[in-house]
Amino acid sequence: MKIVVCDDNTKDLVQLENLLLNYDKNYLDSRFEIEKYSDAALLSKKIKTNDLADIYILDIIMSKISGIDLGDEIRKRDTRPAIIYVTTSDEFALDAYDIHAVRYLLKPLDKETFFEALDYALSSQDGKKGAPFLIKTKNGLMSVPHEQIEYIENSSRKLQVHLTKNEVITSIFIRKSFEEEIKDLEMDRNFLHVHKSFLINMKHVKRINRYEITMDSGAIIPVSRKSTLDVKKEYLAFVSQQYR
């Protein structure tokens, strides 16, 4: 497991490293590799070579390249790395959300809050290595990691699995109900059943209105009228969990 830390404030960079070493010593059986950067431009060059880490801990306000810019570079190449932002201002929270950061922490850092953020980042990485979603297609059984699924539609008794790379996998005719087909995904807290025919990955929601949801791809997903309040409540709870 590789963790990259980037902060152009040397004092804050040392503090982050010490917190990581403390966490590593007291909370993990296995060790992880730490890379430190005080120059965001150097990290940007490495990201552009597709040499990516598992977890990034990034300051946002830096002199050359912002943490948001680094996050954009990471997401252009891979959706899997977990990103934790640490900053002195809360004004970039929406930008961080667009990048699907797992946490947004304000300085000065609280040890307990930082450790909780690491717990979540590590568990999210473990989940991405876990059991994939299996789809029966006319060409055979296909497996897709959960994080690559943007949403699933039940269309004429077939699953239309829309991926984050603008690809669609179509299943063969399903004999079970839609609810039965997606029950394993619903156990993943990132997914929400918003309509009788739609399951969405909340990590890829761009905007939510009363009766529809706009996904990162631009797709418009209907929300069941009887479920609008519950859907909004679940989504707000999901967002607050990400950015508390």
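Values reported hereafter were calculated over all heavy atoms of this structure, with side chains retained and with hydrogens, waters and symmetry mates removed.
Residues Asn18 and Val14 are in side-chain contact: their nearest non-hydrogen atoms beyond the backbone lie under 4.5 Å apart. By the 4.5 Å heavy-atom criterion applied to side chains, Val5 and Glu17 are not counted as neighbours. Glu179 places a side-chain heavy atom less than 4.5 Å from the side chain of His193. Residues Pro81 and Arg75 have side chains in contact (heavy-atom distance under 4.5 Å, counting atoms from C-beta outward). Side-chain atoms of Leu163 and Val168, non-hydrogen and from C-beta on, never get closer than 4.5 Å to each other. In this structure, the side chains of Leu199 and Val194 stay at 4.5 Å or more apart for every pair of heavy atoms. A 4.5 Å side-chain heavy-atom check between Phe133 and Ile149 finds at least one atom pair inside the cut-off. You'll find the side chain of Tyr235 reaches within 4.5 Å of the side chain of Met202, heavy atoms only.
Between the CD1 atom of Ile47 and the SG atom of Cys6 there is a distance of 8.0 Å, given to the nearest 0.5 Å. Taking CD1 of Ile34 as the start and NZ of Lys2 as the end, the distance is 12.5 Å to the nearest 0.5 Å. If you take CG on Leu118 and OG1 on Thr113, they are separated by 11.5 Å, rounding to the nearest 0.5 Å. One distance of note links CD1 of Ile57 with CG of Leu105; it measures 9.0 Å at 0.5 Å rounding. Atom-to-atom distance recorded for Asp69:CG and Leu43:CG is 11.5 Å, nearest 0.5 angstrom. Note: Ile221 CD1 to Phe198 CZ = 5.0 Å, rounded to the nearest 0.5 Å.
Remark: the Ser155 side chain and the Gln160 side chain contain no N/O donor-acceptor pair separated by less than 3.5 Å. In this model, no donor atom of one side chain and acceptor atom of the other lie less than 3.5 Å apart for Tyr37 and Asp8. The closest side-chain donor-acceptor pair between Asp230 and Ser227, if any, does not fall under 3.5 angstrom. His146 and Asn201 share no side-chain donor-acceptor pair at under 3.5 Å.
Counting all heavy atoms, side chain and backbone alike, Leu58 lies closest to Gly71 at CD1-N, 4.4 Å. Contact record, Asn166 with Ser217: OD1-CB, 3.9 Å, taken as the closest heavy-atom pair. The heavy-atom pair separating Glu147 from Thr164 by the smallest distance is O-CG2, 3.8 Å. Among all heavy-atom pairs drawn from Leu19 and Phe115, the shortest one is O-CE1, 3.5 Å. The two residues Tyr104 and Ala96 make their nearest non-hydrogen contact at CD1-CB, 3.5 Å. Residues Ile68 and Ile99 come closest through the heavy atom pair O-CD1, 3.4 Å.
Hydrophobic cluster membership differs between Ile172 and Ile182, with clusters built from Ile, Leu, Val, Met, Phe, Trp and Tyr side chains linked at under 4.5 angstrom. The same ILVMFWY cluster, assembled from side-chain heavy atoms under 4.5 Å apart, contains both Met142 and Leu185.
Remark: side-chain polar atoms of Ser224 are not paired, donor with acceptor, to backbone N or O of His195 under 3.5 angstrom. No donor-acceptor pair closer than 3.5 Å links the side chain of His204 to the backbone N or O of Lys206. No donor-acceptor pair under 3.5 Å is formed between the side chain of Asn209 and the backbone N or O of Tyr211. Judged by distance alone, with hydrogens and angles left aside, the side-chain atoms of Ser89 form a donor-acceptor pair with the main-chain N or O of Glu91 at under 3.5 Å.
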Exercise for the section: Would you sort out whether Ser171 and Lys158 count as a side-chain contact (heavy atoms from CB on, under 4.5 Å), showing the intermediate values? Expected result: CA-CA 6 Å; Ser171 77; Lys158 292 182 180 181; 4.1 Å; yes

Problem - Worked check of side-chain contact (heavy atoms from CB on, under 4.5 Å) between Phe238 and Lys203 - result: CA-CA 9 Å; Phe238 172 79; Lys203 292 187 72 174; 3.7 Å; yes

Exercise for the section: Applying salt bridge (charged side-chain N to carboxylate O under 4.0 Å, His left out), run through Glu186 and Lys183 and close with a yes or a no. Expected result: CA-CA 5 Å; Glu186 284 196 280; Lys183 67 178 182 180; over 6 Å; no

Practice task
Let me see the working for Arg77 and Glu73 under salt bridge (charged side-chain N to carboxylate O under 4.0 Å, His left out), right down to the final yes or no.
Solution key: CA-CA 7 Å; Arg77 288 156 179 81; Glu73 290 289 346; 2.9 Å; yes

Exercise for the section: Applying side-chain contact (heavy atoms from CB on, under 4.5 Å), run through Glu181 and Leu159 and close with a yes or a no. Expected result: CA-CA 9 Å; Glu181 292 287 343; Leu159 299 181; 4.1 Å; yes

Handout entry: Step-by-step side-chain contact (heavy atoms from CB on, under 4.5 Å) determination, Ile83 to Ile74
Key = CA-CA 9 Å; Ile83 298 175; Ile74 294 165; 4.1 Å; yes

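At most 12 non-hydrogen atoms from other residues, nucleotides or ligands lie less than 6.0 angstrom from NZ of Lys45. For Lys107, the NZ atom sits in a packed shell: over 12 heavy atoms of surrounding residues, nucleotides or ligands are nearer than 6.0 Å. Atom CG of Leu229 has 12 or fewer neighbouring heavy atoms from other residues, nucleotides or ligands inside a 6.0 Å radius. Other residues, nucleotides and ligands contribute more than 12 heavy atoms inside 6.0 Å of the CG atom of Leu141.
The existence of a salt bridge linking Lys46 and Glu35 is confirmed by a sub-4.0 Å separation between a basic side-chain nitrogen and an acidic carboxylate oxygen.
Of the candidates Ile60, Asp95, Leu106, Tyr85 forms a side-chain contact (heavy atoms from CB on, under 4.5 Å) with just one, namely Ile60.
Judged as a side-chain contact (heavy atoms from CB on, under 4.5 Å), and not counting sequence neighbours, the contacts of Lys232 are Leu236. Take Ser143 and apply the side-chain contact (heavy atoms from CB on, under 4.5 Å) test, not counting sequence neighbours, and it matches Pro132, Leu134. Applying the side-chain contact (heavy atoms from CB on, under 4.5 Å) criterion to Asn154, with sequence neighbours excluded, gives Ile174, Phe178, Ser197.
Using bins of under 30°, 30° to 60° and over 60° for the plane-to-plane angle, the ring pair His162/Tyr151 lands in the parallel bin.
A cation-pi arrangement is found for Arg103 relative to Tyr120, the charged atom lying closer than 6.0 Å to the ring centre and inside a 45° cone about the ring normal.
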